[in-house]
Amino acid sequence: MLYEYLPILIFLALALLFATVMLSAGFIFGGSNPDDEKNSPYECGFEPFEDSRMKFDVRFYLVAILFIIFDLEIAFLFPWAVVLDHIGLEGYLAMAIFIFILLIGFIYEWKKGALEWD
Amino acid sequence: MDIIFYIINTVISILTVVIPLFLIVAYVTYSERKIIGFMQSRMGPTRVGPSGLLQPIADVLKLVSKEIIIPTNASKGIFLTAPMLMLVPSLLVWAVIPLSELFIISNINAGLLFILALTSLSVYGVILAGWASNSKYAFLGSMRSAAQIIAYEIAMGFALVGVLMLSGSLNLQVIIQEQSGSIFNWYWLPLFPLFLIYFIAGVAETNRAPFDVSEGESEIVAGFHVEYSGMAFAMFFLAEYMNLILISILSSILFFGGWLSPFQGTFLDIYFAFVPGFVWLSLKTMIFIFVFLWLRATLPRYRYDQIMRLGWKVFLPITFFWLTVIGILIYLKYLPL
């Protein structure tokens, strides 16, 4: 079983190697000729006003939170879908109830306007 | 001794996937410029080599010889980790993609889960790149793109659940074999809405036009990779195109029978029996790649609120509904398991 994951481990090592080689090739052949203007963050030609790690819209957090809920739901649905032909009516009903509860939550957040961007 | 031979064998089979993949990425960029050029009555690249065929090679040479600029305020370590974090997962995914009946680097039984897990990782590359650059454009671009990627990942995951309900396995080879029979046994027919959602969500996941607000060159220049240059930029670029090819090949594996011949079950089957499965898979994949380019040439960019509305308010209810329909049909034995 786990034996089949060995090629993936080798692939991971190789992929890391590729990425490192590419990045170092860029440093080796690209040269380095720094100056203040070149290395300043890009902002339409003038000096950056302030640190760019500023406040941002709270809705990005909201999207992330909603994502966690629904992604967990998918994580539950995956094994359920795989064993669908072994679980019979009980399996269907259990998942139907689970989805129904989530659906109520989904309708609630829709009505509350959590999905609005304007 | 055995283990050394085994490792050498594996490395060779990995290289037979990865090196052609790099070349394919190079020539997808070439065909993108050519195809979009022709669609807009231009010639596309013509200067380097016959009809511009050496253009991608020239691009690579140029990218290698460019300086990698690290902005003064950037967090250096994260700044250099981000492109690697993008490239490594999008390479690693190819370990579980079945390219023919026999060729697959690692035939694990959780293949689809592995793919979903790795494609989710690329959002870290985007976020870290935008954060580490410490530039406003990069930061805004990465926030937008991350929110968009995770919003569409939901729709994508639900579409995949439909495939799993029919196939009953996470192993991609099994999913393909379950579709054998004829072109009407492929999953595009029972799962047609899910297929459309999967593909459109895939376009949004890869931040391609018309969902490329994270690049949005008219407003935020290039999005999260605006501060990257030279090979560091090339790695983002490579990852983006590999994801494009991955979405195309996954669409053909999950919904269009992978390496199965489209003439299966008809009288034409024996005449096409000599064509290897890999050719069918490549043809199907190429069609999807073409659709990607076609979309980019045709459609104007979506507004950000429209994108979020499409993901949450249109795709999610449709997938909910269709999964219920599929569940009922399977339970009533209208669909084979």
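Letters A, B, ... are given to chains in the order of the sequence lines, protein chains preceding strands, and every chain is numbered from 1.
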Engineer: What's the spacing between B:L316 CG and A:F106 CZ if we round to 0.5 Å?
Structural biologist: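 Answer for the CG-CZ pair, B:L316 versus A:F106, is 4.5 Å.
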Engineer: Taking the side chain as every heavy atom from C-beta outward, state whether A:I8 and B:I108 have any atom pair closer than 4.5 Å.
Structural biologist: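 Yes, close enough: below the 4.5 Å cut-off.
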Engineer: How long is the gap from CG on A:L23 to CE on B:M231, to the nearest 0.5 Å?
Structural biologist: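 Rounded to the nearest 0.5 Å, the CG-CE separation comes out at 8.5 Å.
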Engineer: Can you tell which part of B:K313 gets under 4.5 Å to a heavy atom of chain A, answering side chain, backbone, both or neither?
Structural biologist: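 Both backbone and side chain of B:K313 come within 4.5 Å of chain A.
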Engineer: Just so I know, are the side chains of A:M22 and B:L87 near enough to count as touching, which here means a heavy-atom distance under 4.5 Å?
Structural biologist: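 A side-chain contact exists here, since the closest heavy-atom pair is under 4.5 Å.
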Engineer: Side chain from CB out, backbone as N, CA, C, O: work out which of these in A:L12 comes under 4.5 Å of a heavy atom of chain B, or both, or neither.
Structural biologist: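 Answer is both: backbone and side chain atoms of A:L12 are under 4.5 Å from chain B.
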Engineer: Say you draw a straight line from OH of B:Y152 to CZ of A:F67; how long is it, rounded to the nearest 0.5 Å?
Structural biologist: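 Between atom OH of B:Y152 and atom CZ of A:F67 there are 14.5 Å.
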Engineer: Would B:Q148 and A:V63 satisfy side-chain contact (heavy atoms from CB on, under 4.5 Å), going step by step from the backbone distance to the final call?
Structural biologist: CA-CA 9 Å; B:Q148 177 188 334; A:V63 169; over 6 Å; no
Engineer: Please determine whether side-chain contact (heavy atoms from CB on, under 4.5 Å) holds for the pair A:V82 and B:L170, giving the CA-CA distance in whole Å, both sets of side-chain angles, and the decisive distance to 0.1 Å.
Structural biologist: CA-CA 7 Å; A:V82 170; B:L170 284 159; 3.9 Å; yes
Engineer: Looking at every non-hydrogen atom in both residues, tell me the closest pair between A:A19 and B:V88 and how far apart they are.
Structural biologist: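 Taking A:A19 first and B:V88 second, the nearest heavy atoms are CB-CG2, 4.0 Å.
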Engineer: For B:L63, is it the side chain, the backbone, both, or neither that has a heavy atom closer than 4.5 Å to a heavy atom of chain A?
Structural biologist: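 When you check distances to chain A, no heavy atom of B:L63 falls under 4.5 Å.
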Engineer: With side chains defined as the heavy atoms from C-beta onward, is the minimum distance between B:L164 and A:W80 less than 4.5 Å?
Structural biologist: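 Contact flag for B:L164/A:W80 side chains = no.
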Engineer: Given the options B:M86, B:R309, B:K66, B:M143, which has more heavy-atom pairs under 4.5 Å with chain A than any of the others?
Structural biologist: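 The residue among B:M86, B:R309, B:K66, B:M143 with the greatest pair count is B:M143.
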Engineer: Name the region of A:L102, side chain, backbone, both or neither, that has any atom closer than 4.5 Å to a heavy atom of chain B.
Structural biologist: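 When you check distances to chain B, no heavy atom of A:L102 falls under 4.5 Å.
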Engineer: Can you confirm whether B:I330 sits close enough to A:Y92 that some side-chain heavy atom of one is under 4.5 Å from a side-chain heavy atom of the other?
Structural biologist: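 Yes, side chains in contact.
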Engineer: Just verifying a value: how many Å separate A:T20 OG1 and B:M84 CE, rounded to the nearest 0.5 Å?
Structural biologist: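 The distance works out to 3.5 Å.
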Engineer: Assess whether atom CZ of B:F321 is packed by more than 12 heavy atoms of other residues, nucleotides or ligands within 6.0 Å.
Structural biologist: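 Atom CZ in B:F321 is not crowded, with 12 or fewer foreign heavy atoms closer than 6.0 Å.
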Engineer: Go through A:F27 and B:L80 one step at a time and tell me if the side-chain contact (heavy atoms from CB on, under 4.5 Å) criterion holds.
Structural biologist: CA-CA 11 Å; A:F27 279 110; B:L80 293 176; 3.9 Å; yes
Engineer: Does a sphere of radius 6.0 Å around CZ in A:F76 hold more than 12 heavy atoms from other residues, nucleotides or ligands, not counting ones at 6.0 Å or beyond?
Structural biologist: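 No, not enclosed.
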Engineer: Let's test your reading of the structure: which of A:A13, A:A25, A:G26, A:S24 forms the most heavy-atom pairs below 4.5 Å with chain B?
Structural biologist: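 Option with the greatest count: A:G26.
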Engineer: Determine whether A:F18 and B:F22 make a side-chain contact, defined as any pair of heavy atoms from C-beta on separated by less than 4.5 Å.
Structural biologist: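 Yes - at least one pair of side-chain heavy atoms lies under 4.5 Å apart.
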Engineer: Below 4.5 Å from any heavy atom of chain A, which atoms of B:V163 appear? Answer side chain, backbone, both or neither.
Structural biologist: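 Neither part, no heavy atoms under 4.5 Å.
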Engineer: Can you confirm whether A:F11 sits close enough to B:S13 that some side-chain heavy atom of one is under 4.5 Å from a side-chain heavy atom of the other?
Structural biologist: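 Side chain of A:F11 against side chain of B:S13, heavy atoms only: no contact under 4.5 Å found.
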Engineer: Can you check whether A:L14 reaches B:L15 side chain to side chain, under 4.5 Å on heavy atoms?
Structural biologist: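 With C-beta onward as the side chain, the pair touches.
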Engineer: Which bit of B:V17 is near chain A, if near means a heavy-atom gap under 4.5 Å: side chain, backbone, both or neither?
Structural biologist: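 Contact with chain A is absent: no heavy atom of B:V17 under 4.5 Å.
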Engineer: Against chain B, label A:I28 side chain, backbone, both or neither, depending on which of its atoms sit under 4.5 Å from a heavy atom there.
Structural biologist: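 Neither part.
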Engineer: Kindly compute the distance separating CD1 (A:I74) from CG (B:L160), expressed to the nearest 0.5 Å.
Structural biologist: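 Taking CD1 in A:I74 and CG in B:L160, the distance rounds to 8.0 Å.
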Engineer: Measuring from A:F100:CZ to B:F320:CZ, what's the distance to the nearest 0.5 Å?
Structural biologist: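 The distance works out to 12.0 Å.
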Engineer: Answer yes or no: does atom OH of A:Y61 have more than 12 heavy-atom neighbours from other residues, nucleotides or ligands under 6.0 Å?
Structural biologist: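 It does not: A:Y61 OH has 12 such atoms or fewer within range.
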Engineer: I need the residue from B:G230, B:A151, B:S169, B:G327 with the largest number of non-hydrogen atom pairs under 4.5 Å to chain A.
Structural biologist: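 Sorted descending by pairs with chain A, the first entry is B:G327.
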Engineer: Taking every heavy-atom pair that is under 4.5 Å apart, which of B:R303, B:Q306, B:M308 has the most such pairs with chain A?
Structural biologist: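 When all of B:R303, B:Q306, B:M308 are compared, B:M308 has the most.
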Engineer: Is any side-chain heavy atom of A:E73 closer than 4.5 Å to a side-chain heavy atom of B:F158?
Structural biologist: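 Yes, their side chains come closer than 4.5 Å.
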Engineer: Determine the sole option in B:I105, B:I14, B:N9 for which the side-chain contact (heavy atoms from CB on, under 4.5 Å) test with A:I10 is passed.
Structural biologist: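 For A:I10, the side-chain contact (heavy atoms from CB on, under 4.5 Å) check succeeds only for B:I14.
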